[in-house]
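Read through the structure below, which is laid out as structure tokens, and then see the notes.
The basis for the numbers below is simple: all heavy atoms, side chains too, and nothing from hydrogens, waters or symmetry mates.
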Amino acid sequence: MSEHQELLVATNNAGKVRELSQLLSDFPLRLRLLGEFSNVAEAEETGETFAENATIKALHYSAHTRLLTLSDDSGLVVDALGGAPGVRSARYAGREATYAERMSKLLGALDATGDAERRARFVCVIAVADPSAGTLHTFEGACEGRIAPAPRGTGGFGYDPLFIPDGHDRTFG
């Protein structure tokens, strides 16, 4: 039997856990989740960029658990809204808002701009902190697209039902 490296996935977002579990299923990893560490205080996402927030979380949770830690910060950046919701994507309509409430607020704000192009991108930064090696690596990616006039689809989570990637007619949802 092969040795499995433990990897703390530093998120409480069930959708992200599902997606990361699928993406990492071929690797010899034993995924650990934040919920297993109730004694560790939540990291405060005080960064002004996705990279800063991902780094804050990776370093915080790896220091407290001494585990290899993967964290991310991601969100939707809408050109006509000056980059909003951006790093505040999860809190755009308030910390306790539902996905539907966030999407509704975003659509209302975008409609009010009169912008016909509705250009946007999903941005994701992943940070991996290894406390045993004292290393931190970050990786950034973006998917360009546009915002649909209304939510479409039942897949994904967050803003997925609103985002149409370039070259496609269907939303991520």
Q) In terms of side-chain geometry, is the basic nitrogen of E117 or R146 positioned less than 4.0 Å from the acidic oxygen of its partner? A) no
Q: With the side chain counted from C-beta on, respond yes when L8 and L70 share a heavy-atom pair under 4.5 Å apart, and no when they do not.
A: no
Q) Same cluster for L7 and L20 if Ile/Leu/Val/Met/Phe/Trp/Tyr side chains link at under 4.5 Å? A) yes
Q. Does a side-chain heavy-atom distance below 4.5 Å link R30 with R32?
A. yes
Q. When Ile, Leu, Val, Met, Phe, Trp and Tyr are grouped by side-chain heavy atoms lying under 4.5 Å apart, directly or through other members, which residues fall in the same group as V125?
A. F50, V77, V87, V123
Q.
Between R88 and E48 (salt bridge meaning N to carboxylate O under 4.0 Å), is one present in this structure?
A. yes
Q: State, to 0.1 Å, how close L23 and F27 come at their nearest heavy-atom pair, and which atoms those are.
A: O-CE1, 4.0 Å
Q: May I ask you to test the V128-L136 pair for a side-chain heavy-atom distance under 4.5 Å?
A: no
Q | Single-linkage hydrophobic cluster L107~F172, side-chain heavy atoms < 4.5 angstrom | A | yes
Q: Answer yes if L68 and L34 sit in the same cluster of Ile, Leu, Val, Met, Phe, Trp and Tyr residues linked by side chain heavy atoms under 4.5 Å apart, and no otherwise.
A: no
Q: Apply side-chain hydrogen bond (donor to acceptor under 3.5 Å, both in side chains) to R121 and list each qualifying residue two or more places apart in sequence or on a separate chain.
A: D79, E144
Donor-acceptor list for residues 150-166 side chains, cut-off 3.5 Å, not counting sequence neighbours:
residue: R152; atom: NH2; partner: D169; partner atom: O; Å: 2.5
residue: Y159; atom: OH; partner: S89; partner atom: O; Å: 2.8
residue: D160; atom: OD2; partner: F157; partner atom: N; Å: 3.0
residue: D166; atom: OD1; partner: R119; partner atom: NH1; Å: 2.8
residue: D166; atom: OD1; partner: R119; partner atom: NH2; Å: 3.3
residue: D166; atom: OD2; partner: R119; partner atom: NH2; Å: 3.0

Q | K16 side chain vs T11 backbone, donor-acceptor pair below 3.5 Å | A | no
Q.
Are more than 12 heavy atoms, taken from residues, nucleotides or ligands other than E42, located less than 6.0 Å from that residue's CD atom?
A. no
Q. So, for L106 and P85, which heavy atoms are closest and what is the spacing to 0.1 Å?
A. CD1-CD, 3.4 Å
Q) Should E19 and L24 count as side-chain neighbours, where that means a heavy-atom distance under 4.5 Å? A) no
Q: Answer yes or no: is there a donor N or O on one side and an acceptor on the other, between the side chain of S71 and the main chain of A54, under 3.5 Å?
A: yes
Q. Quick one: ring pair (Phe, Tyr, Trp, His ring centres under 6.0 Å) pairs with a partner in residues 64-117, sequence neighbours left out?
A. H60-H64
Q: State the OG1-CG distance between T46 and N53, to the nearest 0.5 angstrom.
A: 6.5 Å
Q) Same hydrophobic cluster for L33 and Y61, using side-chain heavy-atom links shorter than 4.5 Å among ILVMFWY? A) no
(Q) Between S104 and E101 (side chain of the first, backbone of the second, donor and acceptor by atom type, cut-off under 3.5 Å), is there such a pair? (A) no
Q. Hey, what do you get for CG (L76) to SG (C143), rounding to the nearest 0.5 Å?
A. 10.5 Å
Q) Going by the salt bridge (charged side-chain N to carboxylate O under 4.0 Å, His left out) test, which pairs reach into residues 123-134, not counting sequence neighbours? A) none
Q) Just wondering, do V40 and T65 contact through their side chains at under 4.5 Å, heavy atoms? A) yes
Q) For I56, what are the other residues in its hydrophobic cluster, where any two members join if their side-chain heavy atoms are less than 4.5 angstrom apart? A) none
Q. Taking the side chain from R102 and the backbone from R91, do they hold a donor-acceptor pair closer than 3.5 Å?
A. no
Q) Is there a chain of hydrophobic side chains (I, L, V, M, F, W, Y, each step under 4.5 Å between heavy atoms) that links L29 to F139? A) yes
Q) So, the side chain of T69 versus the backbone of L67: is there a donor-acceptor pair under 3.5 Å, distance only? A) yes
